[in-house]
> 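I'd like to ask you about the structure that follows.
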2 protein chains.
Amino acid sequence: MKIDPTKNADYSAQIAKAIRDAIIGGQLNVNDRLPSEAELAEQFEVSRPTVREALKRLAAQSLIRTQRGAFGGAFINQISYEEAHSQQITTSTLLLSMNDVSFDVACEARFALERSCAPFAAQRRTADQLATMRAEIHRQTQPGLSDEGWCASDVTFHRALVESAHNVILSYQLAGAVEAMQPLMNMITFTARNREKIISLHTDIADALEQRNQQQIEHALLALSDYTKNLADNVFAAKQKNKTDIDNQKAQT
Amino acid sequence: MKIDPTKNADYSAQIAKAIRDAIIGGQLNVNDRLPSEAELAEQFEVSRPTVREALKRLAAQSLIRTQRGAFGGAFINQISYEEAHSQQITTSTLLLSMNDVSFDVACEARFALERSCAPFAAQRRTADQLATMRAEIHRQTQPGLSDEGWCASDVTFHRALVESAHNVILSYQLAGAVEAMQPLMNMITFTARNREKIISLHTDIADALEQRNQQQIEHALLALSDYTKNLADNVFAAKQKNKTDIDNQKAQT
DNA sequence: AATTTTCATTTGTCAGACAATTAAAAGTCT
DNA sequence: AGACTTTTAATTGTCTGACAAATGAAAATT
């Protein structure tokens with residue numbers, strides 16, 4: 001592993017890339033120990049702070065973990081689903097918030113992805129997951145439930161549906177998509193009437209899952225997608241109108 | 001923003017988290033400039049190298065970019081689809097390679113996700129994307145095509161299918177899943193007979209897309225998924241048998 | 001044999017310094 | 001006055017050298 005002093009990138013970025021490539025390429029295996037910072041500094045012919053900055057870059061991506069003390073050092077991390085997951089959610093959330101993706105597009109994607117696990121969920125669902133979904137539906141009917149509580153319950157409900165497909169990769173991908181959508185969903189306030197309709201759709205999904213009826217699951221998810229889109233359109237239209245009114249008032253004064 | 005000296009985490013990790021939370025929470029907006037490293041060091045009551053390590057962590061996640069010179073500094077980055085994408089692929093690829101996910105599970109997930117864009121692809125596909133897919137099919141029929149060339153063409157083909165759904169979020173999620181699977185797919189050598197069958201299935205997909213027939217697209221994708229799984233099972237079974245034979249030989253000597 | 005102490009190694013943090021870069025401000029020339 | 005050049009101040013990138021804190025191994029002690 002060498003770095004190119006002519007490249008205009010930072011040394012620390014180059015070093016991080018070199019080590020990252022070695023990990024991805026398989027030259028370094030899980031739980032292998034990297035040379036100490038002092039040794040790396042010598043190898044790459046840079047100072048220790050520069051090496052440290054490179055290592056922090058890798059640590060930020062959970063590629064390595066570090067341990068102090070004798071026989072400590074930097075070790076190649078085995079990326080767990082949880083870590084991969086939280087990273088994906090961070091990225092996706094920022095992507096959505098920073099690129100003004102329309103709610104419709106995000107919503108369409110989210111429910112399309114969720115529908116993709118319908119056939120496996122219908123086949124493989126367990127009583128456990130069904131019970132979780134029923135419990136969340138019940139929670140959603142409580143009149144005192146706050147908006148945050150409602151949204152959290154919604155996430156749990158959909159997560160249980162996804163989990164019932166019993167495919168870790170699908171779970172990882174979908175949970176990321178569902179959670180990345182949350183900030184957008186939280187912008188919607190759900191009236192009692194809205195909640196009633198959504199609960200009815202959730203019940204449809206649970207019923208269909210209980211009967212292992214794939215098509216009915218997909219159908220209910222599609223209905224939920226359409227209803228959510230509609231709801232959001234109204235919310236955003238109202239906000240837009242409100243904003244325009246204020247602007248007009250300002251213009252008059 | 002403050003850090004807690006009693007926490008056992010590194011200062012640099014805590015500082016990175018504080019800034020990251022401020023970005024995600026919306027206190028810091030795209031293209032805002034962070035205080036200079038010296039100012040941050042003063043604010044957080046740590047030294048500049050420590051601040052720098054925190055900033056490198058954020059840079060590794062593309063949350064900030066830095067610029068040298070007067071009026072330079074660290075700026076909040078607008079995460080692009082491309083960046084988010086490459087990060088996701090890195091994470092997913094490592095996740096797959098480090099957690100010995102079974103090929104079946106990964107394959108099932110990959111094609112399930114791809115099926116989820118079938119309804120939109122059928123509705124919205126353009127002549128452009130169809131032409132790309134036909135062109136790739138044609139390339140796949142060339143007898144001199146290498147295994148790498150075959151796999152690359154396969155990626156382009158499926159990417160065109162995904163793009164034809166015209167939903168940026170779906171594209172982002174699916175392209176990540178498809179590309180993360182590539183290293184696993186590359187472990188399979190495709191015989192002439194395999195290729196012939198796959199080309200026929202690709203043609204089915206393209207035909208169905210041309211006729212905007214959603215169900216036929218899904219059906220062909222399902223067939224492709226099953227065929228790929230089957231192929232992989234045989235390949236891995238052969239490898240396993242080979243390994244066992246060698247082990248037996250060793251045991252005899 | 002079990003426990004405690006010492007010790008070498010390694011990461012985490014700091015202070016201070018200088019180089020490289022860069023855009024604004026000041027100066028200079030036509 | 002306007003175009004061009006030079007200066008300057010701010011800021012990141014890197015280096016040196018140092019010390020603190022943690023930690024497991026080895027040595028010493030009971």
Side-chain angles (χ1 to χ4, degrees), chain A residues 1-20 23 28 30-77, chain B residues 1-20 23 28 30-77:
Chain A
M1 290 192 293
K2 272 282 165 71
I3 54 174
D4 182 0
T6 64
K7 279 247 177 86
N8 56 355
D10 302 346
Y11 287 160
S12 73
Q14 287 185 52
I15 293 170
K17 186 177 186 317
I19 298 177
R20 181 161 40 239
I23 296 173
L28 296 168
V30 168
N31 292 327
D32 277 1
R33 180 182 173 280
L34 288 180
S36 74
E37 294 174 355
E39 284 173 298
L40 285 173
E42 204 173 351
Q43 269 187 42
F44 286 112
E45 298 179 318
V46 297
S47 69
R48 191 158 85 93
T50 304
V51 167
R52 280 184 63 79
E53 287 179 9
L55 294 182
K56 293 310 157 199
R57 294 179 117 108
L58 298 175
Q61 296 178 304
S62 303
L63 287 176
I64 60 169
R65 63 179 183 280
T66 55
Q67 201 176 359
R68 291 229 277 218
F71 301 80
F75 298 84
I76 309 297
N77 224 353
Chain B
M1 290 192 293
K2 271 280 164 73
I3 54 174
D4 182 359
T6 63
K7 279 247 177 88
N8 56 355
D10 301 347
Y11 287 160
S12 73
Q14 286 185 53
I15 293 170
K17 184 175 187 320
I19 299 176
R20 182 163 38 239
I23 296 173
L28 294 168
V30 168
N31 292 327
D32 278 0
R33 179 182 173 283
L34 288 179
S36 72
E37 294 174 355
E39 285 174 298
L40 286 172
E42 206 173 350
Q43 269 187 43
F44 286 111
E45 298 178 320
V46 296
S47 69
R48 193 158 83 92
T50 304
V51 167
R52 280 183 63 78
E53 287 179 8
L55 294 181
K56 293 310 159 199
R57 294 179 118 107
L58 299 175
Q61 295 178 303
S62 304
L63 288 176
I64 59 169
R65 63 178 183 282
T66 54
Q67 201 176 358
R68 290 230 277 217
F71 299 81
F75 298 86
I76 310 296
N77 223 355

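Every chain is numbered from 1 and lettered A, B, ... according to where its sequence line falls, protein lines coming before strand lines.
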> Could you grab the distance from atom OG1 of B:T66 to atom CG of A:D10, nearest 0.5 Å is fine?
6.0 Å

> If you compare all heavy atoms of B:V46 against all heavy atoms of B:Y11, which two are closest, and at what distance to 0.1 Å?
CG1-CD1, 3.8 Å

> Once side chain to side chain contact (heavy atoms under 4.5 Å, CB included) is applied, do any residues pair with B:A41, and if so which ones, sequence neighbours excluded?
B:V51

> At the 4.0 Å heavy-atom cut-off to chain A, mark where contacts on DNA chain C begin and end, going 5' to 3'.
C:dA8 to C:dT13

> Only counting residues at least two apart or in another chain, list the ones meeting side chain to side chain donor-acceptor pair (under 3.5 Å) with A:E37.
A:R48, A:R52

> Can you tell me how far CG of B:L58 sits from CG of B:N77, rounded to the nearest 0.5 angstrom?
11.0 Å

> Using atom CZ of B:R33 as one end and atom P of D:dT12 as the other, report the distance to the nearest whole Å.
6 Å

> Scan B:R65 against the nucleic acid and name what it touches under 4.0 Å (heavy atoms): base, sugar-phosphate only, or nothing.
nothing

> Does the A:R33 side chain pair with the main chain of A:G72, one donor and one acceptor, at a distance under 3.5 Å?
yes

> With sequence neighbours left out, write down each residue that passes side chain to side chain donor-acceptor pair (under 3.5 Å) with B:E39, or none if nothing qualifies.
B:S36

> If the cut-off is 4.0 Å, is B:Q67 near the phosphate of D:dG13, judged by side-chain N/O to OP1 or OP2?
no

> Please confirm whether the shortest side-chain N or O distance from B:T66 to OP1 or OP2 of D:dG13 is below 4.0 Å.
yes

> Under the side chain to side chain contact (heavy atoms under 4.5 Å, CB included) rule, collect the residues that match up with A:F71, sequence neighbours excluded.
none

> Generate the contact string for nucleotides 14-19 of chain D. Rules: B means base contact, S means sugar-phosphate contact only, - means no protein heavy atom under 4.0 Å.
BBB-B-

